[in-house]
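Shown next, in structure tokens, is the structure this report addresses.
Values reported hereafter were calculated over all heavy atoms of this structure, with side chains retained and with hydrogens, waters and symmetry mates removed.
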Amino acid sequence: ILELVPYVYERSALVRRKWEEARVKPGDINSLADFTERVPFITKDDIREFRDQVGDPFGGLLCTGYHDATSVFSTSGTTGDATMYAHAWDDWHPFWAATARDLWEVGVRPGDYVLGSGFKMRGPLYHAEQMCGAIPLMVSTAIGGWAGALDAIRRYRPVCTTLTGLAMAELDHLSRSNDMRDVFSSFKGATFAGEPLGARARAQLESWGVEIFLWTSTGDVTAAFECRQHDGCHAWEDCVLLEAVDPADGSPAAD
């Protein structure tokens, strides 16, 4: 973080604006305690407001030139307008590095097949699968593609996939003509993201013998997943600095 502070302050127009409003400079930050005490929060609404004011699609957060970005993704838009962000990466996509650990928790192991996700706005999820030594099964799981995906499941017997509410709608339809417990019998688990999982969809997955692991975004820096205790999502502390604060005034709160 101390290495990133001057780099980001110099390059991010939104960060610099927020810090100037809070009268904070990079030289004021010499420890994590300084960071958590003095650095102002930036909300999604701040990013969207800057985007609309300035006409910057990345909301003032991009720290490189457009030509240096290797990929552009978006948030889901679950709680407001989808926001765009860019990554620069070489061999492995950084967003998914921690997710490999979470897939390992689900039960993904070297040599396993993992059914490709229709959840593409976040970029190459298959990188996390490859980090586990697994083999991504790249068939369409977007709307209209699940009939073919079921054929691929029967042939390759994957152990995991990522589901969304839209996928559940189509699977519900297909369950009328397919033995879903048999279809998913090779699965060690499935992940679900994009919106809250409803009670009916959860019960349906359980009736098919699928153990579901919820996941969510952690400030678009990385993701947070359930473990096998299924009592909340966990973020990796070597990937993101987490603060427990009162949402009303930003003051420190108990963990």
*Taking all non-hydrogen atoms of both residues, which atom of Ala98 and which atom of Thr222 are closest, and how far apart?*
CB-OG1, 3.8 Å
*Please confirm whether the backbone N or O of Leu214 pairs with a side-chain atom of Glu226, one donor and one acceptor, at under 3.5 Å?*
yes
*Check whether Ile135 and Leu115 end up in the same hydrophobic cluster, where Ile, Leu, Val, Met, Phe, Trp and Tyr are linked by side-chain heavy atoms less than 4.5 Å apart.*
yes
*asked:* Through direct or indirect side-chain contacts below 4.5 angstrom among Ile, Leu, Val, Met, Phe, Trp and Tyr, which residues connect to Val114?
replied: Leu103, Val108, Val159
*asked:* Run Phe41 and Glu243 through side-chain contact (heavy atoms from CB on, under 4.5 Å) and show every step you take.
replied: CA-CA 11 Å; Phe41 283 102; Glu243 295 183 57; 4.1 Å; yes
_Test ring pair (Phe, Tyr, Trp, His ring centres under 6.0 Å) applied to Trp146 and His173, step by step_ = CA-CA 10 Å; Trp146 271 97; His173 176 74; over 10 Å; no
*Counting heavy atoms not belonging to His230, are there more than 12 under 6.0 Å from its NE2?*
yes
*Side-chain donor or acceptor of Asn178 paired with backbone N/O of Met180 under 3.5 Å*: no
*Transitively linked via ILVMFWY side-chain contacts under 4.5 Å: Tyr156 with Val106?*
no
*May I have the step-by-step check of side-chain contact (heavy atoms from CB on, under 4.5 Å) for Ser74 and Tyr85, ending in yes or no?*
CA-CA 6 Å; Ser74 79; Tyr85 64 100; 5.7 Å; no
*Among Leu171, Thr191, Thr141, which residue meets the side chain to side chain contact (heavy atoms under 4.5 Å, CB included) test with Leu163?*
Leu171
*Any side-chain heavy atom of Asp172 sitting closer than 4.5 Å to one from Arg200?*
yes
_N/O donor-acceptor pair under 3.5 Å between Thr99 side chain and Asp102 backbone_ = no
*Atom CG of Leu150 and atom CD of Glu170: how far apart are they, to the nearest 0.5 Å?*
8.5 Å
*Heavy-atom pair with the smallest gap, counting every atom of Gln130 and Pro136*: CG-CG, 3.8 Å
*asked:* Distance check, rounded to the nearest 0.5 Å: Thr218 atom OG1 versus Leu242 atom CG?
replied: 6.5 Å
*Just wondering, are more than 12 heavy atoms of other shown residues or ligands nearer than 6.0 Å to CD in Glu237?*
no
*asked:* One thing to verify: whether Asp112 and Arg109 come together as a salt bridge, which I'm taking to mean a side-chain N less than 4.0 angstrom from a carboxylate O.
replied: no
*Using a strict cut-off of less than 4.0 Å between a Lys/Arg side-chain nitrogen and an Asp/Glu carboxylate oxygen, indicate whether Asp46 and Arg51 qualify as a salt bridge.*
no
_From CD1 (Ile153) to CZ (Phe184), nearest 0.5 Å_ = 5.0 Å
*Please tell me if the side chains of Cys233 and Phe213 come closer than 4.5 Å, counting only heavy atoms from C-beta onward.*
no
*Using the six-membered ring wherever Trp is involved, compare the ring planes of Trp215 and Phe225 and label them parallel, tilted or perpendicular (cut-offs 30° and 60°).*
parallel
*asked:* Can you give me the closest heavy-atom contact between Cys239 and Val221, atom names plus distance?
replied: O-CG1, 3.6 Å
*Share the residues that join Val39 in a hydrophobic cluster, the rule being Ile, Leu, Val, Met, Phe, Trp or Tyr side chains under 4.5 Å apart at the heavy-atom level.*
Ile1, Leu2, Leu4, Val5, Tyr7, Val8, Tyr9, Leu14, Val15, Trp19, Val24, Ile29, Leu32, Phe35, Ile42, Ile47, Phe50, Val54, Leu61, Leu241
_Assess whether a salt bridge exists between Asp28 and Arg23, defined as any Lys/Arg side-chain N lying under 4.0 Å from an Asp/Glu carboxylate O._
no
*How long is the span from the CH2 atom in Trp89 to the CH2 atom in Trp96, to the nearest 0.5 Å?*
12.0 Å
*Taking atom types as modelled, is there a side-chain donor on Asp249 or Ser251 under 3.5 Å from an acceptor on the other?*
yes
*Could you pull out the closest heavy-atom pair between Arg157 and Asp182, with the gap in Å?*
NH2-O, 3.4 Å
*Search all heavy atoms of Leu174 against all heavy atoms of Ala147 and return the closest pair with its distance.*
CD1-N, 3.8 Å
*Does Asp81 pair with Lys44 as a salt bridge, N-O distance under 4.0 Å?*
no
_Heavy atoms of other groups near Gln229 CD, more than 12 under 6.0 Å_ = no
_Just verifying a value: how many Å separate Met168 CE and Phe192 CZ, rounded to the nearest 0.5 Å?_
7.0 Å
*asked:* Within this structure, what is the CE-CG distance for the pair Met84 and Leu62, rounded to the nearest 0.5 Å?
replied: 11.5 Å
*Which heavy atom of Arg228 sits nearest a heavy atom of Lys188, and at what distance?*
NH2-O, 4.1 Å
_Pro110 side chain near Cys132 side chain, heavy-atom distance below 4.5 Å_ = no
*Linking directly or through intermediates, with side-chain heavy atoms under 4.5 Å: list the remaining ILVMFWY members grouped with Leu166, chain and number order.*
Ile143
*Are the side chains of His234 and Cys227 in touch, meaning some heavy atoms are under 4.5 Å apart?*
yes
*Is Trp208 reachable from Leu197 through a run of hydrophobic residues whose side-chain heavy atoms are each under 4.5 Å from the next?*
yes
_With a 6.0 Å cut-off (strictly less than), is the heavy-atom count around CZ of Arg155, excluding the residue itself, greater than 12?_
no
